[in-house]
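Below you'll find the structure, written out as C-alpha cells, and then a few comments.
Atom set for the values below is all heavy atoms of this structure, side chains included, hydrogens, waters and symmetry mates excluded.
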Amino acid sequence: MNHATVLGLSAGIADRLAHPGTAPSTVSAETARQHLAHGPIGIALLHIERAAAGLGPWQRAHDWLAAAARQPFTSGADSHPFYGAPALAHVLACAAEGLPGAYERDLSLLDRQILNDVQRRLDAAHRRIDAGQLPALAEFDAIRGLTGFGGYLLRRDPAGPALRSVLDYCVRLTEPITHEGDTLPGWWTLTGPSGRPDDRFPGGHGNTGMAHGIGSVLALLALCARRGTTVSGHRQALRTILAWLDRWATTTSLNRTWPYWVTRDELRTGRLAPAGPRRPSWCYGTAGVARAQQLAALALGDAARRAVAESVLLDALTDPEQLGATTDSGLCHGFAGLAHLTVRAAADAAPETAHQLRAVLPDLLATLLPLGSTPEEAGAALVDGPAGAGLLDGATGIGLGLLAASGTAPPHTHWDAFLLVA
C-alpha cells in the first residue's frame with residue numbers, strides 16, 4: 001500500500017466521522033461518552049491528529065469535543081486513564097499541542113483533578129504493599145492504573161513530583177511478595193486477566209502484557225529514564241522486570257516469544273503449559289513486549305538486548321503463524337496497532353533493522369484494504385463494520401495508526417502516549 005493509499009484510507013475513516021450529527025447511528029455523543037476507547041473523545045483524537053498534520057480541519061475536532069463535553073466528566077475513584085476526566089485530559093492535551101494555548105483553562109482544572117486522584121491511588125497502593133497484600137491489575141496497568149496516569153504525567157510535567165512518586169511506586173511494585181508459601185513478583189494478581197476472580201486461574205497470574213501487565217511498567221520506567229526522569233532503584237527495577245521476562249521467554253530455532261501471562265501452577269513447576277501461536281499485538285504478546293524491551297535496552301545502554309528485542313519484533317511481524325493468529329484490524333490487538341508499533345520501533349532501531357522493519361509495513365497495511373475497493377470506500381466501510389468506530393478496536397484507531405505508517409512523520413500531537421510506546 002503506497003503513501004497516497006494509506007492517507008486515503010485514513011481520510012475515508014475521518015470523512016465518515018466528520019460530524020457527530022452525520023456519523024452512523026451506532027456512534028453518538030451519548031454512546032460511551034466518557035470512554036476514550038469507544039466514545040466521541042476518541043473520535044475527536046483522530047481529527048486532532050489529522051488537523052495538526054495539516055490533513056483536515058480543526059472544526060471537526062471541536063465539534064466532537066463539544067458534543068461530548070455538554071455534561072461534566074467523571075473524576076475521582078470512578079475515573080481512570082481511559083474513562084472520565086483523565087481520558088478527556090489526554091485528548092485536550094493533544095489538541096493543545098496542535099493549537100498552543102487552546103483548552104488551557106480546562107486542562108489546568110483537569111490536571112489538578114488528576115494530581116489529586118493520582119495521590120489518592122498512590123496512598124492506597126503503598127498501604128496495600130505495607131500490608132503485604134497483592135495488587136489488583138487496575139492498580140498499576142496502562143488502561144485503568146498508575147502506569148497509565150504516569151504516561152499522562154510524563155508529557156504534562158516530566159520533571160514534576162507526581163511523576164516521580166508514580167515511579168517510586170513502580171520500583172516498589174517490582175519487590176517480591178510472599179503469599180501462601182510462594183515468593184511472587186510484586187505485580188502478581190490473584191484474579192484472572194479480566195481483573196475479576198476466575199476459576200481458570202487458581203492462585204492468580206503474572207501478567208506480561210502492555211495493556212494490563214508488567215510490560216506497561218517496564219515501558220514507563222524506560223521512557224522516563226530516556227527523558228532523564230529517574231528515582232532511586234529505577235535501573236534495578238528495569239533489570240528485575242527484564243529478568244522475569246527472560247525467565248519466561250520461549251526461544252526456539254525460529255523465534256522468541258513471550259506468554260500473555262504466567263499461572264500459579266506454571267510458576268511452581270517452572271514450565272509454561274503448551275500453547276499454540278498467539279497474535280503478537282500491542283496489548284498482549286510479543287510485539288508489545290519487544291517494544292518495551294527495546295525501550296528498556298535503550299534506557300540502560302544495553303546494545304545486546306536492544307538487538308535481540310528488535311530481532312524478535314521483526315520475527316513476530318514476519319512469522320506466518322503469529323500473523324495468522326491476528327484476526328482483526330484494530331489498534332489494540334490488530335494490524336493497525338502492529339503497523340504503528342513497527343513505525344515507533346523502527347525510529348529507534350539500528351539502521352539495518354530499521355530498514356527491515358519498515359519493509360514489512362506494506363504487508364501489514366495491505367490487510368486493511370479489501371481488493372477492488374477504493375481507500376475512501378474501505379475507510380467508510382471500516383466505520384460501519386462490526387468493530388465500529390472506536391479508538392482501541394475500531395476505525396478511529398485504524399485511522400490514527402495509518403498516519404504514522406504512511407511515512408510522513410511521527411505523530412504531531414503524541415496521541416499515542418496512552419500506548420506507552422514512545
Considering only heavy atoms from C-beta outward, does the side chain of [X] approach that of [Y] to under 4.5 Å?
{"X": "His19", "Y": "Thr22", "answer": "yes"}
{"X": "Arg16", "Y": "Asp384", "answer": "yes"}
{"X": "Trp187", "Y": "Val217", "answer": "no"}
{"X": "Met210", "Y": "Val421", "answer": "yes"}
{"X": "Ser75", "Y": "Asp117", "answer": "no"}
{"X": "Arg306", "Y": "Leu298", "answer": "yes"}
{"X": "Val118", "Y": "Ser165", "answer": "no"}
{"X": "Asp348", "Y": "Arg344", "answer": "no"}

Main-chain N/O of [Y] paired with [X] side-chain donor or acceptor, under 3.5 Å:
{"X": "Trp188", "Y": "Pro135", "value": "no"}
{"X": "His414", "Y": "Ala422", "value": "yes"}
{"X": "Gln34", "Y": "Thr74", "value": "yes"}
{"X": "Trp64", "Y": "Leu17", "value": "yes"}
{"X": "Asp416", "Y": "Leu419", "value": "no"}
{"X": "Arg247", "Y": "Gly270", "value": "yes"}
{"X": "Thr208", "Y": "Tyr260", "value": "yes"}
{"X": "Thr147", "Y": "Phe140", "value": "yes"}
{"X": "His80", "Y": "Ile143", "value": "yes"}
{"X": "His3", "Y": "Ser406", "value": "yes"}

Identify the heavy atoms of [X] and [Y] that sit nearest to each other, and give their distance.
{"X": "Arg305", "Y": "Asp302", "result": "N-OD1, 3.0 Å"}
{"X": "Thr396", "Y": "Ala389", "result": "OG1-O, 2.5 Å"}
{"X": "Ala222", "Y": "Leu238", "result": "N-CD2, 3.8 Å"}
{"X": "Pro86", "Y": "Pro81", "result": "CB-CA, 4.0 Å"}
{"X": "Leu368", "Y": "Phe335", "result": "CD2-CB, 4.4 Å"}
{"X": "Val6", "Y": "Leu402", "result": "CG1-O, 3.2 Å"}

[X] atom [atom1]: more than 12 heavy-atom contacts under 6.0 Å:
{"X": "His126", "atom1": "NE2", "value": "yes"}
{"X": "Glu321", "atom1": "CD", "value": "no"}
{"X": "Arg196", "atom1": "CZ", "value": "no"}

Do the side-chain N and O atoms of [X] and [Y] include a donor-acceptor pair separated by under 3.5 angstrom?
{"X": "Tyr152", "Y": "Asp111", "value": "yes"}
{"X": "Arg264", "Y": "His179", "value": "yes"}
{"X": "Tyr83", "Y": "Asp78", "value": "no"}
{"X": "Arg256", "Y": "Thr250", "value": "no"}
{"X": "Gln236", "Y": "Arg239", "value": "no"}

Output the distance between atom [atom1] ([X]) and atom [atom2] ([Y]), rounded to the nearest 0.5 Å.
{"X": "Leu400", "Y": "Leu46", "atom1": "CG", "atom2": "CG", "answer": "4.5 Å"}
{"X": "Leu55", "Y": "Leu403", "atom1": "CG", "atom2": "CG", "answer": "6.5 Å"}
{"X": "Asp319", "Y": "Thr286", "atom1": "CG", "atom2": "OG1", "answer": "9.0 Å"}
{"X": "Ile214", "Y": "Ser216", "atom1": "CD1", "atom2": "OG", "answer": "6.5 Å"}
{"X": "Ile13", "Y": "Ile43", "atom1": "CD1", "atom2": "CD1", "answer": "11.0 Å"}
{"X": "His333", "Y": "Asp393", "atom1": "NE2", "atom2": "CG", "answer": "4.5 Å"}

Salt bridge or not between [X] and [Y]? Use side-chain N to carboxylate O under 4.0 Å.
{"X": "Arg164", "Y": "Asp168", "result": "no"}
{"X": "Asp265", "Y": "Arg271", "result": "no"}
{"X": "Arg60", "Y": "Asp15", "result": "yes"}

Among Val231, Thr230, Leu173, Ile241, the one residue meeting side chain to side chain contact (heavy atoms under 4.5 Å, CB included) with Leu221: Ile241

Taking the inter-plane angle between the rings of His62 and Trp58 on a 0 to 90° scale, is it parallel (under 30°), tilted (30 to 60°) or perpendicular (over 60°)? parallel

Would you please test Phe82 and His35 for side chain to side chain contact (heavy atoms under 4.5 Å, CB included) and show each step? CA-CA 6 Å; Phe82 271 72; His35 211 297; 4.0 Å; yes

Any chance you could lay out the side chain to side chain contact (heavy atoms under 4.5 Å, CB included) test for Glu49 and His412, step after step, and finish with the verdict? CA-CA 6 Å; Glu49 176 61 24; His412 289 71; 3.5 Å; yes

How about Phe418 and His90: are their ring centres within less than 6.0 Å of each other? yes

Test log, rule side chain to side chain contact (heavy atoms under 4.5 Å, CB included), inputs Leu242 and Leu300: CA-CA 11 Å; Leu242 290 169; Leu300 293 169; 3.7 Å; yes

I'd like to know whether Arg121 forms a side chain to side chain contact (heavy atoms under 4.5 Å, CB included) with Tyr169, so could you lay out the CA-CA distance, the side-chain angles of the two residues, the decisive distance to 0.1 Å, and finally the verdict. CA-CA 10 Å; Arg121 287 167 175 262; Tyr169 158 77; over 6 Å; no

Under 6.0 Å from the six-membered ring centre of Trp415 and within 45° of its axis: does the NZ or CZ of Arg155 meet both? no

Check against side-chain hydrogen bond (donor to acceptor under 3.5 Å, both in side chains), Arg279 and Thr327: CA-CA 8 Å; Arg279 64 176 186 247; Thr327 57; 5.8 Å; no

